[in-house]
Amino acid sequence: QLQLVESGGGLVQPGGSLRLSCAASGFSLDSYTIGWFRQAPGKEREGVACISRDSDNTNYADSVKGRFTISRDNAKNTVYLQVNSLKPEDTAVYYCAAADLILFSLCLSHDSLYDYWGQGTQVTVSS
């Protein structure tokens with residue numbers, strides 16, 4: 001069974017940090033572009049960060065640049081999202097997704113091009 005599983009979410013105070021993980025089972029992530037998306041209540045899902053197969057390219061939403069870092073460990077079949085300097089507006093369910101064929105320039109804007117999705121992990125930023 002092909003599956004992505006996110007973990008690492010939680011409740012954190014403003015300014016805090018978390019490391020989100022996205023682990024794959026049933027397939028190898030090293031053949032896929034990986035994106036992290038988030039969806040807050042009442043809002044559309046938005047792309048946060050994405051990383052190319054070989055890690056040579058990354059892309060970030062303007063709202064998270066300088067605060068979030070995406071990385072991958074293909075040996076562990078896992079992709080990470082380090083989220084620092086969290087703000088209340090970062091509160092959302094965070095999803096990872098894997099795309100086999102996607103132009104890297106579209107990796108944040110075209111979530112419909114992703115083939116596999118995880119179930120999401122909740123991140124809540126509140127004092």
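What you see below is based on every heavy atom in this structure, not just the backbone, and it leaves out hydrogens, waters and symmetry mates.
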Subject >> Verdict with reasoning, Gln122 to Tyr94, per side-chain contact (heavy atoms from CB on, under 4.5 Å) >> reply: CA-CA 6 Å; Gln122 175 71 47; Tyr94 284 70; over 6 Å; no
**OP:** With the side chain counted from C-beta on, respond yes when Glu6 and Leu20 share a heavy-atom pair under 4.5 Å apart, and no when they do not.
**Re:** no
Original post:
Can you tell if the side chain of Val123 reaches within under 4.5 Å of the side chain of Thr91, non-hydrogen atoms only?
Top reply: no
Give the minimum heavy-atom separation between [X] and [Y], together with the two atoms involved.
X: Leu113; Y: Ala99; answer: O-CB, 3.9 Å
X: Tyr60; Y: Ile70; answer: OH-N, 2.9 Å
X: Val79; Y: Ile34; answer: CG2-CG1, 3.7 Å
X: Ser127; Y: Pro14; answer: N-CD, 3.7 Å

Any chain of hydrophobic side-chain contacts (each under 4.5 Å) joining [X] to [Y]?
X: Leu101; Y: Leu103; answer: no
X: Leu81; Y: Leu29; answer: yes
X: Phe68; Y: Ile51; answer: yes

**OP:** To the nearest 0.5 Å, tell me how far Ser25 OG sits from Gln1 CD.
**Re:** 7.0 Å
**OP:** Can you measure from OG1 (Thr78) to CG (Asp73) and round to the nearest 0.5 angstrom?
**Re:** 6.5 Å
Mind checking what makes side-chain contact (heavy atoms from CB on, under 4.5 Å) contact with [X], not counting sequence neighbours?
X: Val12; answer: Leu18, Leu86, Val125
X: Ser7; answer: Ser21
X: Ala61; answer: Ser63, Val64
X: Ser52; answer: Asp54, Asp56, Asn57, Phe104

Original post:
With Phe37, which residues qualify under ring pair (Phe, Tyr, Trp, His ring centres under 6.0 Å), at least two apart?
Top reply: Tyr114, Trp117
Original post:
Residues two or more places apart in sequence or in another chain: which of them pass ring pair (Phe, Tyr, Trp, His ring centres under 6.0 Å) with Phe27?
Top reply: Tyr32, Tyr116
Pairing residues for [X] by the side-chain hydrogen bond (donor to acceptor under 3.5 Å, both in side chains) criterion, not counting sequence neighbours:
X: Asp90; answer: Arg38, Arg67
X: Asn74; answer: Arg72
X: Gln82; answer: Asn84
X: Asp30; answer: Ser28

Original post:
CD of Glu89: more than 12 outside heavy atoms within 6.0 angstrom?
Top reply: yes
Subject >> Listed once per pair and sorted, the disulfide (SG to SG under 2.5 Å) pairs that draw on residues 60-112, sequence neighbours left out >> reply: Cys22-Cys96, Cys50-Cys107
**OP:** Return the set of residues passing salt bridge (charged side-chain N to carboxylate O under 4.0 Å, His left out) with Asp100 (not counting sequence neighbours), or none when no residue passes.
**Re:** Arg53
